[in-house]
Amino acid sequence: MGKSFDIGLERLTGAGAWPGSETERRIEAGRFDTDAGRETFYLETFGCQMNEHDSEKVAGVLLARGYKQVETPEAAKVILYNTCSIREKAAQKVFSRLGELRPSEGEPSAAKSREVDARLNARKVVNAGGGKIIGVLGCVAQQEGEEIFERAPWVSLVCGSASYRKLPQLIAELEAGNRRVTGLDTDTDETFETEITRRDNPFRAYLTIIEGCDKACSYCVVPFTRGPERSRASASILQEVRQLADMGYTEIQLLGQTVNSYADSSARKMRFSDLLVATAEISGIRRVRFTTSHPRDFGKDIVEAIEAYPAICEHVHLPVQSGSAAVLRAMARTYTRDEYLEKVAWMKSAKRAISITTDIIVGFPGESDADFQETLSLMDSVQYDGAFCFKYSPRPNTPSLAMNDIISEDEKSRRLAILLEHQREIQRSRNEKLVGQVAEVLVDGKSKRANQWSGHTSSNRVMNFSSHAENILGDYVQVKVTGATPNSLIGEAVTGPVASP
Ligand code: SF4
């Protein structure tokens with residue numbers, strides 16, 4: 001469903017939103033506006049963390065221009081879906097949402113309405129019933145492009161992630177009578193510089209530091225939908241982190257499809273690990289996270305930075321995708337099983353206990369049962385603290401589409417079930433070993449049950465715990481682990497002094 005939007009305007013931030021700026025003036029003006037006359041938008045997000053953060057930017061861009069976000073498509077003049085195409089199911093979901101918006105017979109679509117308006121020389125779009133603006137954003141937009149108009153003719157706007165700054169202009173073009181508009185460039189770094197970002201998470205601020213991907217994994221659509229790698233200049237990133245710290249954020253998450261492939265676009269040429277350290281050193285920042293890392297570019301310097309700076313979280317998400325050397329080759333992952341395990345060994349021998357999570361695909365074309373067993377044995381070796389496991393899903397424009405030796409859906413499902421159960425047992429056993437330890441938790445949720453709270457540890461584990469404190473949302477609390485499940489820890493807040501580890 002659509003994201004909630006009941007946040008204060010003080011949560012809006014961005015390079016241009018600082019004291020005295022034009023954007024700030026507009027936001028301030030908006031703060032005292034009535035809703036009368038304001039255009040409305042509904043925004044629903046599918047997919048990964050990058051998309052969630054992109055939606056924060058989209059909402060920010062529209063809010064800064066006087067739009068008001070609403071909770072249902074029915075209440076909105078502009079309906080936007082920020083889409084994901086990484087798996088077929090995710091892409092289908094979007095078309096099924098669009099199907100729900102198909103104008104009923106006799107009801108004008110927005111495009112049709114505008115044709116009629118244009119004939120009457122009217123500038124205003126009919127803003128009732130089917131006369132809404134319906135837009136597709138994100139990866140499906142980039143992948144399908146103008147074909148979306150063929151499949152769902154009531155859609156009038158198609159825009160990829162690199163063009164979000166142009167959204168108000170695209171919407172204005174529609175209102176001026178254009179039937180259909182697109183923003184589908186991929187080779188621009190405009191996406192980093194959105195004027196303003198509406199932040200949904202009051203405890204963790206996301207920052208995209210690298211967009212696109214230059215790897216060419218044979219199953220992946222990202223290089224097609226998000227374009228080539230473009231890194232943001234380190235000074236601009238650090239300036240935004242300082243602004244976020246001034247606003248009260250203590251946890252920063254750096255984002256990128258391959259975040260550790262970061263290549264500073266400025267003369268400073270900061271390495272990714274230097275950027276982690278520089279972020280961790282900013283006053284007020286207590287936690288720095290990063291995702292997703294690519295194994296090929298994962299250097300020992302990252303582990304050393306985690307060891308040396310407690311503010312850099314003791315968690316690395318390092319997608320392996322398969323434990324079989326042959327399948328890794330077919331996937332064009334650019335590392336071998338042994339190279340991957342070497343990087344894991346660096347983390348396992350670090351001075352801090354680094355939690356490792358991963359992504360795994362089962363049923364890639366040609367994956368034999370022996371290959372699958374290799375994946376299970378790799379899981380045993382690594383002992384992941386979490387794993388996102390998926391069935392292989394053929395995607396348009398990808399080399400694996402042409403590969404033979406397709407694995408049946410039944411077999412993929414069988415392997416997936418085995419994998420999930422295997423990982424569940426690993427997680428159960430790893431979490432149980434933490435019982436009796438004390439961990440620092442950033443409190444980000446309150447249960448309906450009295451005195452029950454939840455939060456995340458530095459290792460990114462979910463901790464559900466009891467505390468009699470009145471309001472600790474956003475606080476860092478020491479919690480003693482009293483129990484464990486495969487997916488979370490159970491604990492109680494420590495009230496007295498805590499011994500140093
Ligand atoms: S590294 Fe591979 S899987 Fe990841 S975004 Fe790039 S092409 Fe896709």
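This is a predicted model, so every value here is computed, not measured. FYI, the numbering just counts along the sequence from 1.
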For this session: Kindly determine whether F364 and V327 satisfy side-chain contact (heavy atoms from CB on, under 4.5 Å), including the steps that lead there.
Result: CA-CA 7 Å; F364 190 77; V327 174; 4.1 Å; yes
Problem set entry | Steps toward salt bridge (charged side-chain N to carboxylate O under 4.0 Å, His left out) verdict (D264, R232) | CA-CA 6 Å; D264 190 355; R232 185 176 173 180; over 6 Å; no
For this session: Show your reasoning for whether side-chain contact (heavy atoms from CB on, under 4.5 Å) applies to V438 and V479.
Result: CA-CA 5 Å; V438 173; V479 178; over 6 Å; no
For this session: Let me see the working for I354 and W346 under side-chain contact (heavy atoms from CB on, under 4.5 Å), right down to the final yes or no.
Result: CA-CA 10 Å; I354 299 175; W346 298 339; over 6 Å; no
Problem set entry | K343 vs D338, salt bridge (charged side-chain N to carboxylate O under 4.0 Å, His left out): CA-CA, chis, key distance, verdict | CA-CA 9 Å; K343 294 176 193 228; D338 289 347; over 6 Å; no
For this session: Start with the C-alpha gap between C159 and Y164, add the side-chain angles, then the distance that decides, and say whether side-chain contact (heavy atoms from CB on, under 4.5 Å) holds.
Result: CA-CA 7 Å; C159 181; Y164 290 158; 3.9 Å; yes
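In plain terms, the two heavy atoms of P396 and V221 that are nearest each other are O-CG1, 3.7 Å. The two residues S293 and V316 have their closest heavy-atom pair at OG-CG1, 4.5 Å. Closest approach of R333 and V320 over heavy atoms only: NE-O, 4.3 Å. Taking both residues in full, the closest heavy atoms of V155 and F149 are given as O-CD2, 3.2 Å, listed atom of the first, atom of the second, then distance. Looking at every heavy atom in both residues, G386 comes nearest to Q427 through CA-OE1, 3.3 Å. For S266 against S234, the heavy-atom pair with the smallest separation is OG-OG, 3.7 Å.
Side-chain contact, R337 with S377: a donor N or O sits under 3.5 Å from an acceptor N or O. A donor and an acceptor atom, one from each side chain of T250 and Y476, are located under 3.5 Å apart. K391 and S413 are linked by a side-chain donor-acceptor pair at a separation below 3.5 angstrom, with hydrogens and angles left out of the test. Using a 3.5 Å distance cut-off with no hydrogens or angles, the side chains of T457 and R461 do not pair a donor with an acceptor. Inspection of the H315 and S458 side chains reveals no N or O donor paired with an N or O acceptor under 3.5 Å. Under 3.5 Å, the side chains of S400 and Y392 contain a donor-acceptor pair of N or O atoms.
Remark: side-chain polar atoms of T258 are not paired, donor with acceptor, to backbone N or O of S261 under 3.5 angstrom. Between the side chain of T485 and the backbone N or O of S488 there is at least one donor-acceptor pair closer than 3.5 Å. Remark: side-chain polar atoms of N431 are paired, donor with acceptor, to backbone N or O of P486 under 3.5 angstrom. T358 places a side-chain N or O within 3.5 Å of a backbone atom of L318 that can act as its donor or acceptor partner. Remark: side-chain polar atoms of S273 are not paired, donor with acceptor, to backbone N or O of A305 under 3.5 angstrom. Of the possible donor and acceptor atoms, none in the side chain of E240 sits under 3.5 Å from a partner among the backbone N and O of I237. Side chain of Y384 to backbone of D359: no donor-acceptor contact under 3.5 angstrom is found. In terms of modelled atom types and a separation under 3.5 Å, the side chain of S324 and the main chain of A326 share a donor-acceptor contact. With hydrogens and angles disregarded, a donor-acceptor distance shorter than 3.5 Å links the side chain of Q383 to the backbone of D380.
Y309 is not listed as a side-chain neighbour of V288, based on a closest heavy-atom distance of 4.5 Å or more. Taking 4.5 Å as the limit, every side-chain heavy atom of H456 sits out of range of all side-chain heavy atoms of L442. Contact check for L376 versus L419: side-chain heavy atoms found under the 4.5 Å cut-off. At least one side-chain heavy atom of V259 sits less than 4.5 Å from a side-chain heavy atom of I209. Using a 4.5 Å cut-off on side-chain heavy atoms (C-beta onward), N82 and D54 make contact. Residues Q253 and R287 have side chains not in contact (no heavy-atom distance under 4.5 Å, counting atoms from C-beta outward). At a threshold of 4.5 Å between non-hydrogen side-chain atoms, the residues P319 and T292 count as touching. Looking at I148 and F95, their side chains come closer than 4.5 Å, going by heavy atoms from C-beta outward.
Applying the side chain to side chain donor-acceptor pair (under 3.5 Å) test to D274 and every residue at least two apart in sequence or in another chain returns R271. For N464, the side chain to side chain donor-acceptor pair (under 3.5 Å) test picks out no residue, with sequence neighbours left out. For F298, the ring-ring contact (aromatic ring centres under 6.0 Å, His included) criterion is met by no residue, not counting sequence neighbours. In this structure F388 satisfies the ring-ring contact (aromatic ring centres under 6.0 Å, His included) test together with H317, sequence neighbours excluded.
Aromatic pair Y249/F203: centroids not less than 6.0 angstrom apart.
To the nearest 0.5 angstrom, M379 atom CE is 5.5 Å from H422 atom NE2. For the atom pair N487 CG and R428 CZ, the distance stands at 9.5 Å (nearest 0.5 Å). Atom SG of residue C217 and atom CD of residue Q321 lie 7.0 Å apart, to the nearest 0.5 angstrom. Atom CD1 of I407 sits about 10.5 Å away from atom CD of E409, to the nearest 0.5 Å. Going from atom CD of E44 over to atom OG1 of T83 covers 11.0 Å, rounded to the nearest 0.5 Å. Rounded to the nearest 0.5 Å, atoms CD1 (I79) and CZ (F41) are 12.5 Å apart.
Under the 30°/60° scheme for interplanar angles, the aromatic rings of F272 and F290 are found to stand perpendicular.
A salt bridge links R286 to E440: at least one charged side-chain nitrogen sits closer than 4.0 Å to a carboxylate oxygen. Residues E229 and K215 are paired through a salt bridge, judged by an N-O separation under 4.0 Å between the basic side chain and the carboxylate. Salt-bridge formation is not detected for the pair E425/R430: no Lys NZ or Arg NE/NH1/NH2 atom is positioned less than 4.0 Å from an Asp or Glu carboxylate oxygen. Salt bridge status for E411 with R415: present, with a side-chain N to carboxylate O gap under 4.0 Å.
The 12-atom threshold is not exceeded at NZ of K93, counting heavy atoms of other residues, nucleotides or ligands nearer than 6.0 Å.
Applying the side chain to side chain contact (heavy atoms under 4.5 Å, CB included) test between V181 and each of I171, V158, L170 identifies L170 as the sole match.
Listed by first then second residue, pairs satisfying salt bridge (Lys or Arg N to Asp or Glu O under 4.0 Å) with a partner in residues 344-354 read E314-R352, not counting sequence neighbours.
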Side-chain polar contacts of residues 138-147 - donor-acceptor pairs under 3.5 angstrom, sequence neighbours left out - could you list them?
| residue | atom | partner | partner atom | Å |
| --- | --- | --- | --- | --- |
| Q142 | NE2 | L184 | O | 2.6 |
| Q143 | OE1 | S85 | OG | 3.1 |

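For the pair R395 and Y219, the cation-pi criterion (under 6.0 Å, within 45° of the ring axis) is not fulfilled.
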